[in-house]
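One structure is given below, encoded as structure tokens.
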Amino acid sequence: MYRRFITDWGGLRVSTEQETLVGYASETLEVYVDRTKSGCWDFHEDFAGRHVAPLETAENRLDLHIYVDRSSIEVFF
């Protein structure tokens, strides 16, 4: 599995066609999970999308805890 995380964007890639992006958009001060290319999505209309939550940094420092297993990604801040 291909893994990377960079402030502003990062991703978990299964193949060249499937990936889930996790990151922080510094221009909007939001942490996000982007599942628009995460494979099977037709089981629920809200699955394939970019899901965001506001997150302001303290002193330009960002602490995220990201847990990954075979079927899920969890992001805590």
Side-chain angles (χ1 to χ4, degrees):
M1 179 184 291
Y2 180 78
R3 299 178 188 193
R4 62 185 168 164
F5 182 78
I6 303 169
T7 306
D8 287 336
W9 69 278
L12 302 169
R13 182 173 291 176
V14 174
S15 69
T16 57
E17 293 83 31
Q18 291 185 15
E19 68 180 357
T20 299
L21 299 175
V22 177
Y24 182 75
S26 57
E27 66 280 357
T28 58
L29 303 176
E30 295 174 325
V31 64
Y32 64 86
V33 176
D34 186 339
R35 299 187 305 203
T36 56
K37 296 181 182 177
S38 292
C40 182
W41 57 267
D42 57 355
F43 57 91
H44 194 280
E45 64 185 38
D46 293 332
F47 181 81
R50 189 172 191 268
H51 307 275
V52 300
L55 179 63
E56 292 187 29
T57 60
E59 300 176 5
N60 290 326
R61 181 182 170 101
L62 178 65
D63 290 317
L64 294 178
H65 297 268
I66 302 172
Y67 297 93
V68 179
D69 67 17
R70 292 179 152 223
S71 62
S72 66
I73 298 173
E74 297 177 275
V75 181
F76 298 91
F77 50 89

Plane angle bin for Phe43 and Phe47 - parallel if under 30°, tilted between 30 and 60°, otherwise perpendicular = tilted
Any donor-acceptor pair under 3.5 Å linking the side chain of His51 with the backbone of Arg35?
-> no
Exercise: identify the closest heavy-atom pair between Ala53 and Phe77 = CB-CZ, 4.1 Å
Compare every heavy atom of Tyr24 with every heavy atom of Thr57, then report the nearest pair and how far apart it is.
-> CG2-OH, 3.5 Å
Any side-chain heavy-atom pair from Leu55 and Leu64 closer than 4.5 angstrom?
-> yes
Between the OG atom in Ser38 and the CD atom in Gln18, the distance rounded to the nearest 0.5 Å is 8.0 Å
Nearest-0.5 Å distance that lies between atom CD in Glu56 and atom CG in Leu62 = 12.5 Å
